[in-house]
Colleague: 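What follows is a structure written as structure tokens; I'll ask about it next.
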Amino acid sequence: MEHIRTPKVENVRLVDRVSSKKAALGTLYLTATHVIFVENAPDTRKETWILHSQISTIEKQATTATGCPLLIRCKNFQIIQFIIPQERDCHDVYISLIRLARPVKYEELYCFSFNPKLDKEEREQGWMLIDLSEEYKRMGLPNNYWQLSDVNRDYRVCDSYPTELYVPKSATAHIIVGSSKFRSRRRFPALSYYYKDNHASICRSSQPLSGFSARCLEDEQMLQAIRKANPGSDFIYVVDTRPKLNAMANRAAGKGYENEDNYSNIKFQFIGIENIHVMRNSLQKMLEVCELKSPSMSDFLWGLENSGWLRHIKAIMDAGIFIAKVLVEKDWISFGHKFNHRYGNLDGDPKEISPVIDQFIECVWQLMEQFPCAFEFSERFLIHIQHHIYSCQFGNFLCNSQKERQELKIQERTYSLWAHLWKNRADYLNPLFRADHSQMQGTLHLPTAPCNFMYKFWSGMYNRFEKGMQPRQSVTDYLMAVKEETQQLEEELEALEERLEKIQKVQLNHTKVKSKQSEPSKQSGFSTSDNSTANTPQDYSGNMKSFPSRSPSQGDEDSALILTQDNLKSSDPDLSANSDQESGVEDLSCRSPSGGECAPSEDSGKDRDSDEAVFLTA
Amino acid sequence: MEFAELIPTPRVDGVALHRPSHAAVEGTLCLTGHHLILSSRRGGAEELWLLHANVDAIDRRRRDPGRILKQGSPGTPRPLVRAQCDQYNCWLLHGGFCLSAFMSQTFCEVLRTLRRALSTLDSITLMYPFFYRPMFEVVEDGWHSFLPEQEFEHYSSATSEWRLSYVNKEFAVCPSYPPIVTVPKSIDDEALRKVAAFRHGGRFPVLSYYHKKNGMVIMRSGQPLTGTNGRRCKEDEKLINATLRAGKRGYIIDTRSLNVAQQARAKGGGFEQEAHYPQWRRIHKSIERYHILQESLIKLVEACNDQTHNMDRWLSKLEASNWLTHIKEILTTACLVAQCIDREGASVLIHGTEGTDSTLQVTSLAQIILEPRSRTVRGFEALLEREWLQAGHPFQQRCAQSAYCSSKQKWEAPVFLLFLDCVWQILRQFPCSFEFNESFLIMLFEHAYASQFGTFLGNSESERCKLKLQQKTMSLWSWVNRPSELSKFTNPLFEANNLVIWPSVAPQSLQLWEGVFLRWNRSSKYLDEAYEEMVNIIEYNKELQAKVNILRRQLAELETDDGMQESP
């Protein structure tokens, strides 16, 4: 490939950032899709794979006596440091990676070359796994109040909306088109979620182009139509997710928010979720804290607080407590979330990148922590989705809208992540989930009191490559193993009962039966602990100079970095040791929210995406 | 006649109990000699029993007239109405609740009586354990469950370098040591007496832990009384050198910073000079003590109970409390000790000033890391007996009051709670390696502060002897170790793990112990349900396992019967 200046560098060292262990010596390879590091140690030949699309930043550090350090931060929060003996080699790798990590064409992305050896039919099935019309059917749509509209056929009205949209029955095409003209990027109010028990619904749209005084009759009729679609209610809440100040500032640009005087029966509310620039900086700050080398407790807590990340998470949770349904596909993909801009898969404006989906995923995790029995999937599921949003291994998260995805023929040319996750679903199940559990009955009831302490730092995500920091034994894996054994026991019990019955019958007939005695199955020791890790102390001496930090060499903490080429490997019985090995190329990356350094002054900038308003009919 | 019957038992109806994130409970408040009881008279679920010793402080709230549950006809929901009422905050060890009732003479009277009762708690022999009569049959007397001789047997098979010494039989050599201690075999009692004179509080170095894998040991002691002129004691040097193998070096972990240790010399204390202990390398760690810990706890509990602040202030308050900093420091030191023993193959002597607080935190945590037995229920109980009770941690002083204590007594400090918190942190990182669960640790925390059992009374073995606790009170272990109680405290995930477990001490790995600090502020309903579900999954598995085994046996028997009938 023309961008690779040097395909192979020998005698490179991979620095272990957590323990004081000696760096591993090996060979670094650059391929069209991955950075691969193969250790020299003959017994392991351990491999570390980093997908180019996961690379967030590459930093060449000052050359030292031992060589030239190269620091790679990945979008999935992995941080890797190589030391390359020759400055020249290091430069070549650096220049190559800068180019490889920022492809300019979609076609360069990994998903277009990724081939899991599935036939066409399987691939198509993968894309059909999530059927939006089924989702709407589940909500009880269409019905007397809501109908499927073809107004956006061929993306005529709004190119960032899907073609199939639900709107109130009483909203005519005239009203919709009129309303769309009054909305930023023509994102008119459309149904997001319908709660059939009480006809309440959630609609969403972009900000109105109200400026200081403009109004639009059709838009007012549109909101009225939404209100009427819930016969039980005489008003709707209009929830503006921005801080009020931002919304007001937007008026000067001819945008703004709905004036309660012009719309009959609306109740207006600001939620105060900051814009993408604030969020990007916040995540950046938090990751810097995660990256600190042996921080003190105060460093950590101060840094966490100053990043404001958990405050943003809380703001989002407060706003979205009831819409945080885990309908990733529907809520995020079909409705024109600007995946490409926000995730920086292609080279583009760094200011457009923002961790909105990371925040959504984290909000789901925060809910899981509070309602451990209410989710069918486990933390690993979320982590793997986060990984693949950036991996570009599957086509799901490419482009900025359904329209773009269709134009690129994503479904014909790439594979669907959902099929991959579904295939390995056993790895992602929450053993505590029970469909009949009370926590599953309806809505999750979060306390209304401002219980800030409920929102915690998610080290399982942001420090997930620092295995040493994670709990060394996984309750989830243990319980999954127990459940699996239980299932086998159930089967064996049945077989034994059958055989017993048969023998008793046969004995009555005085017939000899010879039956092979089954081996007593060993009570399996559920392998949940990564013993090698458990057996390796960290550097506890800190900066205690008098204490020799002669670290033991046995035991290995980054088994997660071993990657198999088998991208779709089946479930690993000892997932706790390699929990991130879900698919081959996973693991090597990390992230910092974005390539670009954004000047603080830009924080106040306006963002087109966080200006979406959410309408609720109460 | 019981003491409790000597005082009147005032009661008042229509008292409401308010807790954050919980529905208010209304019932009758009743005060007995040792308890505060709030009974809704609707089954045991809504009954609150509190030992007076559990109550840290009571203060009257005036600013808010508050809402009170109105008496309604039985069965109908009781609407909340605003009414003039009295409200009292009742602060417990780590949180609190509010009691409210219509203004009345009796309500004030009850609370006054409670306050009076709290002020008489200082007299140990009037405390509840001396009046408590167990309702259960004592199967095993906990006072005899963990005898030093038995503990010694655990390693006497592996080594002959140590012996039991009865030099402290009458508590004459060291008042805070038990009558029996383990010392190097080559050191006679006469030498021990001399060493005792050279160590703070007479606490000469004794064996705390023997690492069977490589024969390395943890010893603990008080600080050496070197003073400003660098006093030395040949017997002391001989004693600790006696624990080293030929050519080996050891580590002395001083739990104070070098600065503090140097200052201690002015007061007659000090530390081991390299010149006199050439085979030992000294490392200073800085673990806080006394009022600094107490203030940390007060700040932490305050932050946890503040319902008004926003996310940011929560984190900065958590940070400002320094609680997790203390946790990190203690854990790090314990890990360092374990690393010296297991990885460096070096013995360790640990002391701070007295050797009754931070020293014990470190020696006991190091054992949890190193020794699988101390992660079992029995082993952990034995550890508490050895390293906390017998080792002379002044429970009575340290646990007299908790986060709401008004008297700024300098000897109150959450030393034991910090230790339990550290154990919880390790348990969280190794959820399958402990035989006990979080509830066990919380139970121990509560009994250390207020209990019907005598186990945590007194400041040392000698005090416990004088109080005749063994005769006059019940041991906590007699109650806990009954199968019906134990089942609540055992970890369903436990799988014996014979390895040394190395916890992470990174800030990202340490968390606030919500089970203790947020327990009064958030409902644990969903977490409890999850725990229950986990137990169910494992119980069902065991049940099936048993059934399958029975059938297998039956089948095997039938098949052999069958063979016998055929063969003759």
Side-chain angles (χ1 to χ4, degrees), chain A residues 295 297-298 300-302 304-305 310-311 314 370-373 431-432 439 447 449-453 455 457 459 463 468-469 471-473 475 478-479 482-483 485-486 489-490 492-493 496-497 499-500 503 507 512-513 515 517 520 525 528-529 531 534-538 540-541 544 546-547 552, chain B residues 20-21 281 283 304 307-312 314-316 318-319 324-325 328 332 335-336 339 343 428-433 493 495 497 499-502 504-510 512 518 522 526-527 529-530 533-534 537-538 540-541 544-545 547-548 551-552 554-556 558-559 562 566:
Chain A
M297 205 70 220
S298 295
F300 177 71
L301 289 174
W302 266 117
L304 192 58
E305 156 154 348
L310 287 175
R311 194 185 61 219
K314 183 176 182 295
Q370 292 172 42
F371 299 92
C373 301
L432 296 175
Q439 288 180 28
C451 298
N452 304 306
F453 39 70
Y455 299 105
F457 172 72
S459 82
N463 284 110
M469 286 184 193
R472 251 48 82 71
Q473 294 174 318
V475 174
Y478 181 91
L479 290 177
V482 170
K483 281 186 113 169
E485 199 204 47
T486 299
L489 283 170
E490 276 172 342
E492 192 184 345
L493 194 67
L496 283 172
E497 274 166 353
R499 232 167 71 199
L500 205 62
I503 290 181
Q507 269 188 339
K512 181 179 171 186
V513 171
S515 151
Q517 173 127 7
T528 51
S529 61
N531 287 344
N535 223 3
T536 312
Q538 306 173 328
Y540 298 113
S541 49
M544 207 60 250
S546 62
F547 188 75
Chain B
S21 309
R281 173 173 284 166
I283 298 176
C304 292
Q307 300 279 313
T308 56
H309 49 67
N310 60 32
M311 191 70 218
D312 270 15
W314 157 245
L315 281 175
S316 64
L318 179 64
E319 192 274 329
L324 288 169
T325 303
K328 182 168 153 63
T332 306
C335 288
L336 179 67
Q339 204 171 1
R343 297 291 161 150
R428 207 187 64 80
Q429 294 185 29
F430 294 89
C432 307
S433 298
L493 302 169
E495 295 258 318
N497 174 359
L499 296 168
V500 176
I501 54 174
W502 299 106
S504 164
V505 295
Q508 289 98 320
S509 311
L510 303 178
L512 177 73
L518 300 183
R522 61 134 165 81
Y526 301 112
L527 302 180
E529 281 173 2
E533 183 64 25
M534 187 171 89
I537 289 171
I538 290 162
Y540 179 56
N541 176 279
L544 280 181
Q545 190 80 55
K547 271 190 196 158
V548 164
L551 284 188
R552 275 194 198 134
Q554 274 183 6
L555 208 59
L558 278 176
E559 278 164 354
D562 216 24
E566 291 291 312

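Within every chain, numbering begins at 1; the chains are lettered A, B, ... in the order of the sequence lines, protein sequences first and strands thereafter. Worth knowing before you read on, the calculation uses all heavy atoms, side chains too, and leaves out hydrogens, waters and symmetry mates.
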Colleague: Can you find a heavy atom in the side chain of A:Trp302 that is under 4.5 Å from one in the side chain of B:Ser316?
Modeller: yes

Colleague: Rounded to the nearest 0.5 Å, what's the gap from CD on B:Gln508 to CZ on A:Phe300? Could you check?
Modeller: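 Answer rounded to 0.5 Å: 4.5 Å.
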
Colleague: Is the shortest side-chain heavy-atom distance between A:Leu479 and B:Leu493 below 4.5 Å?
Modeller: yes

Colleague: To check you understand the geometry: which heavy-atom pair defines the closest contact between B:Ile537 and A:Pro431, and what is its length?
Modeller: CD1-O, 3.3 Å

Colleague: Quick check: closest heavy atoms across A:Cys373 and B:Glu533, and the distance to 0.1 Å?
Modeller: SG-CB, 4.3 Å

Colleague: Report yes if the side chains of A:Glu490 and B:Tyr540 come closer than 4.5 Å at any heavy-atom pair, otherwise no.
Modeller: yes

Colleague: Heavy-atom distances under 4.5 Å only: say whether B:Lys328 touches chain A with side chain, backbone, both or neither.
Modeller: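 For B:Lys328, the contact with chain A is made by the side chain alone.
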
Colleague: Quick check: does any side chain N or O of A:Gln473 sit under 3.5 Å from a backbone N or O of B:Ser433, one acting as donor and the other as acceptor?
Modeller: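 Yes, because the side chain of A:Gln473 sits within donor-acceptor range (under 3.5 Å) of the backbone of B:Ser433.
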
Colleague: Just verifying a value: how many Å separate A:Met297 CE and B:Leu318 CG, rounded to the nearest 0.5 Å?
Modeller: 7.0 Å

Colleague: To check you understand the geometry: which heavy-atom pair defines the closest contact between A:Val482 and B:Asn541, and what is its length?
Modeller: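 Minimum heavy-atom contact is O-ND2, 3.3 Å.
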
Colleague: Decide if atom NZ of A:Lys483 counts as having more than 12 heavy atoms of other residues, nucleotides or ligands within a radius under 6.0 Å.
Modeller: yes

Colleague: Please report the interatomic distance NZ(B:Lys547) to CD(A:Glu497), rounded to the nearest 0.5 Å.
Modeller: 8.0 Å

Colleague: Closest approach of A:Leu496 and B:Leu555, non-hydrogen atoms and distance?
Modeller: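 What the structure gives for the nearest pair is CD2-CD2, 3.6 Å.
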
Colleague: When rounded to the nearest 0.5 angstrom, what distance separates CZ in A:Phe371 from CG in B:Leu527?
Modeller: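 Nearest 0.5 Å value for the CZ-CG distance: 9.5 Å.
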
Colleague: Less than 4.5 Å to any heavy atom of chain B: does that hold for the side chain of A:Ser459, its backbone, both, or neither?
Modeller: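 For A:Ser459, side-chain heavy atoms alone lie under 4.5 Å from chain B.
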
Colleague: Are the side chain of A:Arg472 and the backbone N or O of B:Trp502 linked by a donor-acceptor pair below 3.5 Å?
Modeller: yes

Colleague: Checking side-chain contact (heavy atoms from CB on, under 4.5 Å) for the pair B:Tyr526/A:Gln370: CA distance, chi angles, key distance, verdict?
Modeller: CA-CA 7 Å; B:Tyr526 301 112; A:Gln370 292 172 42; over 6 Å; no

Colleague: Do you know the tightest heavy-atom contact between B:Ala530 and A:Leu432?
Modeller: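 Distance-wise, the nearest heavy atoms are O-CD2, 3.6 Å.
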
Colleague: Main chain of A:Leu301, side chain of B:Glu319: is a donor-acceptor contact present, judged purely on distance under 3.5 Å?
Modeller: no

